[in-house]
Amino acid sequence: MRKKFVAGNWKMNTDAARARELAGQVVAGLAAQPAWAAKVQVAVCPPFPYLATVAEALKGSSVGLGAQNCHHEAAGAFTGEVSPVMAKDVGCHYVILGHSERRHKMGETDAQINQKAKAALQHGLTVILCVGETLAERQEQRTLKVLEEQFHGGCLGLGKDQMAKVVLAYEPVWAIGTGHNATPEQAQEAHAFLRSRAAAEFGPEVASRLQILYGGSLVPDNAPQLLAQPDVDGGLIGGASLDAGKFLKIIEAGAR
Ligand code: PGA
């Protein structure tokens, strides 16, 4: 049985005070509902400058900390970058890699994402690897091809043991921040396909354990249906994760 996993991607939002407050609200909300915490793995991914602040606010709780990106080198002359070793050092357990905003706004390629994934895993982080098609790719019936390429490219050269520390996030680009979520059927189709690719590349055991999150306008209203799909193991939440009440409602839906 795969555990449900709900992660908040705060993107480039909050300030130090708000980050501390939001993390505190999530911790308090979960502490009040131990059954949710038992059933759902929860993480928040604040911007780099607030990782230490949020790490402090999460101390003693079951809420994990994640970074939103990292470099593929451990240290060195890479001005403006943050290494996986630093993310780990400041208390991160997770790192989001290959988010569509990094692929499409920052030009990250599958090869770069793969390098980062290898480095993050080597330094003990769990990777939340995002994949997803654009609207044009969906309209051209290329969704599954794009998912296959991004999955293959992102996980290239990883061992089965490393795949145990990879979480996938299916995030259709057209659904991110748009209010247009994928339907439960569209999500299920993509997730089942990704699981079949994982089985083909890494074997059935890895595939059956692989958590595959859905992301893209996931909100309390659509969470029960989306999270009830057999291959949807949780959510990567953007906008709604900035409101603790909404984020907790999504966790509640995951606990059902
Ligand atoms: P959204 O973002 O929930 O605001 O659509 C999801 C994401 O980008 O991870």
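For ligands, and for the atoms within them, numbers begin at 1 and follow the listed sequence. When reading the values below, keep in mind they use all heavy atoms of this one structure, side chains included, and skip hydrogens, waters and symmetry mates.
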For ligand 1, what is the set of protein residues having any non-hydrogen atom at a distance below 4.0 Å?
Asn9, Lys11, His99, Glu171, Ala175, Ile176, Gly177, Gly216, Ser217, Leu236, Ile237, Gly238, Gly239
Run the salt bridge (Lys or Arg N to Asp or Glu O under 4.0 Å) test against Arg20 and tell me which residues pass, sequence neighbours left out.
none
Co-members of Val173 in a cluster of I, L, V, M, F, W and Y side chains, linked at under 4.5 Å
none
For Lys3, is the NZ atom crowded, meaning more than 12 foreign heavy atoms sit under 6.0 Å from it?
yes
Enumerate the residue pairs fulfilling salt bridge (charged side-chain N to carboxylate O under 4.0 Å, His left out) with a member in residues 202-220, sequence neighbours excluded, ordered by first and then second residue.
Glu205-Arg209
Is Lys59 salt-bridged to Glu56, going by a charged N under 4.0 Å from an acidic O?
yes
Strictly below 4.0 Å, N to O, side chains only: are Glu21 and Arg18 in salt-bridge contact?
yes
